[in-house]
Number of protein chains: 2
Amino acid sequence: MSFFMMDKEFKDMVYEGLSKMLKAIANANRIEVIEILSQGEKSVEGIVQATGMTIANASQHLQVLKNNNIVKTRKDGHFVYYSLIGNEFLALHQHITRYAVNEIAELGKMVNRQRLVNDSQHAVSFDELELMIGEQNVLLVDVRPADEFASGHITGALSIPLEVLVTRLKDLTNENEIVAYCRGPFCMLADEAVKLLKENGYKARRLDGNYPEWKLRQLQLS
Amino acid sequence: MSFFMMDKEFKDMVYEGLSKMLKAIANANRIEVIEILSQGEKSVEGIVQATGMTIANASQHLQVLKNNNIVKTRKDGHFVYYSLIGNEFLALHQHITRYAVNEIAELGKMVNRQRLVNDSQHAVSFDELELMIGEQNVLLVDVRPADEFASGHITGALSIPLEVLVTRLKDLTNENEIVAYCRGPFCMLADEAVKLLKENGYKARRLDGNYPEWKLRQLQLS
DNA sequence: AACATATTCAATAAAAATATAGAATAATAG
DNA sequence: CTATTATTCTATATTTTTATTGAATATGTT
């Protein structure tokens, strides 16, 4: 007995706690919500629109995330706004998705196949981007919806949501290379944008990274 | 239709894949197995002994981990030996546990309370340890069971499993400070050892880290 | 070849997670 | 104060996960 017994009980409690936290993020709907919230805060209504879930179901999943300290809420008038609890969690989430894409063959293949279809294999790294910005021969385009751009974006980027890109083509110059970026590692908006741009004679590449990564990187730098 | 539809389906598939992987590690029994395997490979029998699970249940959980590319197997005679699939996963697992202890109040409190009980708050960092080793005024003790020591340990450490520490006290000199280490962040063996040593008039502290972390650190250095 | 041992498989019962629909709550506007 | 709107809560049916039991498989021993 004495301390071995206690140790056993303690360990069980700790493992229960850990698995409880992991269960909270081990659900496709909730992962989608987390991806959305990694762009910035959103109301329940906003999440429902972005995901297509029923409102009660979305609310229920948000409660699970809240009870497990993954998201926090802010109330304003009729609306309750949800956001990720902090950057520590965002960093963990990024690690999980990076691991999944790199190490789980099934998932990596899926993402690569999609990227091949979109014809934008040769992505630009953050370091390259900074060089290109220094030489001023790049046009950085944020192709996410306007509200996501509004709640945070890479400095110097131009907001052209994918839906309106076709109609805005005439405003773009042919001289500089265009670099498009969007959301998390599974977001294909930038790839679609690159495809469209290339078809119209522009020089375009995807950014190998996304807004949440950029945000974390800036925090680490400053 | 066109690409927005496809995007939606693609995303759903990716989120399903991610949640499938997370479900595999979102279970207290399987987390315990992962913790054990982060020390080195073990047979099914060995895992059963370490956890107290029934053999069929352990086997079933191991299948789940195997089907999700978290562990791999090696067959030798009657026995099937399980081990973690690679260091990428180990690093992710460490990130998850570190996050949980630091960011989930409930879990952090639990671990700290236990550490307080064990009277070994002032842990030695890896950097401190390297300094102390350089000055040769430290005795590094691995208090895990002998077989775990055998399958890998910090260079220069002495193996004294906690169970036999009382009987080996007479062999230890009083001159140097003793630093004890054990397994993952939830392992309290080192804390128990420090408590016991202090009660017997030795100068002793716990290492703020453990064998799996050391292994990863060495891999990153070399 | 017959047997013993370690592990996995298959079937089942129990427990937990999920989605849905409708009621309840809380905040605001008129 | 009442009506409206956004969100959460409650109850329920469905699906998924888990533990247990005993049978099946595979490997090595005599």
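Chain identifiers are assigned alphabetically (A, B, ...) following the order of the sequence lines, protein sequences preceding nucleic acid strands; residue numbering begins at 1 within each chain.
Residues K66(A) and G77(B) each lie close to DNA chain D; by heavy-atom proximity, the contact nearer the 5' end of the strand is made by K66(A). When each of Q60(B) and E45(B) is assigned the nucleotide of DNA chain C bearing its nearest heavy atom, the one mapping closer to the 5' terminus is E45(B).
R30(A) has a side-chain polar atom (N or O) that falls below the 4.0 Å cut-off from OP1 or OP2 of dT18(C). In this structure, S59(B) does not reach the dT7(C) phosphate: none of its side-chain N or O atoms is under 4.0 Å from OP1 or OP2. One finds a side-chain N or O of N27(A) lying less than 4.0 angstrom from the OP1 or OP2 phosphate oxygen of dT18(C).
At whole-Å resolution of the value, NZ in K42(B) and P in dA6(C) are 17 Å apart. Summarising the geometry, the separation between CD1 on I55(A) and P on dA23(C) is reported as 16 Å, rounded to the nearest angstrom. In this structure, the CG atom of L62(B) is 13 Å from the P atom of dT18(D), given to the nearest Å. Straight-line distance from the CD atom of Q63(A) to the P atom of dT20(C): 17 Å, rounded to whole Å. Distance M53(B) CE to dT21(D) P: 16 Å, rounded to the nearest Å. The interatomic distance linking K20(A) (NZ) with dA17(C) (P) rounds to 10 Å, in whole Å. When rounded to the nearest whole Å, the span between CG of L22(B) and C1' of dA17(C) equals 16 Å. Residue N29(B) contributes atom CG, which lies 9 Å from atom C1' of dT18(D) at whole-angstrom precision.
Within the nucleic acid shown, T54(B) comes within 4.0 Å of sugar-phosphate atoms alone, with no base atom in reach, counting heavy atoms only. Within 4.0 Å (heavy atoms only), Y82(B) reaches sugar-phosphate atoms of the nucleic acid but no base atom.
Among the nucleotides dC9(C), dT8(D), dT20(C), the one closest to the side chain of A56(B) is dC9(C). Across dA26(C), dT7(C), dT20(D), the shortest atom-to-atom separation from the side chain of K75(A) is found for dA26(C). The side chain of F79(A) has dT7(D) as its nearest neighbour among dA19(D), dT18(D), dT7(D). Listed nucleotides dA17(C), dA19(D), dT7(C) differ in distance to K23(A); the shortest reach to its side chain belongs to dA17(C). Comparing dT17(D), dT8(C), dA4(C) by their closest approach to the side chain of H78(B) singles out dA4(C). Residue N57(B) places its side chain closer to dA19(D) than to any other of dT7(C), dA19(D), dA19(C). For H61(B), the side-chain atoms get nearest to dT18(D) when compared with the rest of dT7(C), dT8(D), dT18(D).
Cation-pi check for R74(B) over Y81(B) is met; the charged atom lies under 6.0 angstrom from the ring centroid and within 45 degrees of its normal.
Of all the heavy atoms in G40(A) and S151(A), the pair that sits closest is CA-OG, 4.3 Å. Heavy-atom minimum distance, I70(B) versus M21(B): CD1-O, 4.5 Å.
Taking the charged nitrogens against the carboxylate oxygens, R183(A) and E35(A) have no contact shorter than 4.0 Å, which rules out a salt bridge.
With hydrogens and angles left out, the side-chain atoms of N210(A) and E213(A) include a donor and acceptor closer than 3.5 Å.
Just one residue in the list N67(A), N68(A), L62(A) forms a side chain to side chain contact (heavy atoms under 4.5 Å, CB included) with V64(A), and that residue is N68(A).
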